[in-house]
Amino acid sequence: MTQTEFLEKHVFTDLKNVNDGFDGETHYFSETDFETVLQRVQHFGIGIYGIEPWLDGKMYDVLSHEEFKKKATDPKWYTRAFATFKKRQEGLAYAATYKVSKKLLERE
């Protein structure tokens with residue numbers, strides 16, 4: 001199973017991708033759905049390298065695990081980054097860069 005297939009099956013399932021073509025094939029989610037994504041990512045121990053919110057089809061900002069001096073799999077960093085974005089601006093569409101471990105992919 002590929003990383004994309006794993007994410008589609010276990011993380012993105014039943015969530016609406018709000019990308020209408022403004023950024024290739026990247027999955028973007030509303031604030032509510034992205035909160036669900038983060039819960040599922042934490043459940044599976046998937047890493048998030050960066051969170052990239054967009055506003056009106058333009059990149060709003062980006063935060064990465066390195067800026068928080070945390071491992072990509074540490075939920076503290078991405079939970080805090082998400083809370084920061086929510087406070088600064090409402091109506092954002094969220095995307096992230098994920099890393100599903102080889103062990104998790106082989107389990108499928």
Gln89 side, atom CD; Glu31 side, atom CD - distance, nearest 0.5 Å: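 Interatomic distance, Gln89 CD to Glu31 CD, rounded to 0.5 Å: 10.5 Å.
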Pairwise distance OG1(Thr84) to NZ(Lys87) - rounded to 0.5 angstrom: 6.0 Å
A side-chain contact here means heavy atoms from C-beta on lying under 4.5 Å apart; do [X] and [Y] qualify?
| X | Y | answer |
| --- | --- | --- |
| Glu25 | Asn19 | no |
| Thr97 | Ile51 | no |
| Leu38 | Thr79 | no |
| Ile46 | Leu104 | yes |

Same hydrophobic cluster for [X] and [Y], using side-chain heavy-atom links shorter than 4.5 Å among ILVMFWY?
| X | Y | result |
| --- | --- | --- |
| Val100 | Tyr49 | no |
| Tyr94 | Met59 | no |
| Val18 | Tyr98 | no |
| Tyr60 | Leu63 | yes |
| Val41 | Phe85 | yes |

Flag, side chain of [X] to backbone of [Y], donor-acceptor distance under 3.5 Å:
| X | Y | value |
| --- | --- | --- |
| Trp54 | Asp61 | no |
| Glu106 | Lys103 | no |
| Gln42 | Gln39 | no |
| Asp33 | Lys16 | yes |
| Asn17 | His27 | no |

Closest approach of [X] and [Y], non-hydrogen atoms and distance?
| X | Y | answer |
| --- | --- | --- |
| Arg80 | Phe68 | NH2-CD2, 3.0 Å |
| Gly45 | Thr73 | O-CG2, 3.5 Å |
| Thr26 | Ala95 | CG2-CB, 3.8 Å |

Pair Lys86-Glu35, side chain to side chain contact (heavy atoms under 4.5 Å, CB included): steps then yes or no: CA-CA 11 Å; Lys86 286 192 325 185; Glu35 200 160 351; 4.0 Å; yes
Centroid-centroid distance, Tyr78 to His65, less than 6.0 Å: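 Tyr78 vs His65: aromatic centres not under 6.0 Å.
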Pair Phe34 + Phe82: ring centers closer than 6.0 Å: yes
Worked verdict on Thr2 versus Leu105 for side chain to side chain contact (heavy atoms under 4.5 Å, CB included): CA-CA 7 Å; Thr2 68; Leu105 293 176; over 6 Å; no
No-hydrogen, no-angle side-chain donor-acceptor test under 3.5 Å, Glu52 and Tyr28: yes
Side chain to side chain contact (heavy atoms under 4.5 Å, CB included) assessment of Met1 paired with Lys9: CA-CA 10 Å; Met1 179 175 271; Lys9 182 177 178 183; 3.8 Å; yes
Stepwise side chain to side chain contact (heavy atoms under 4.5 Å, CB included) test for Lys69 and Asp74: CA-CA 10 Å; Lys69 296 179 176 35; Asp74 188 339; over 6 Å; no
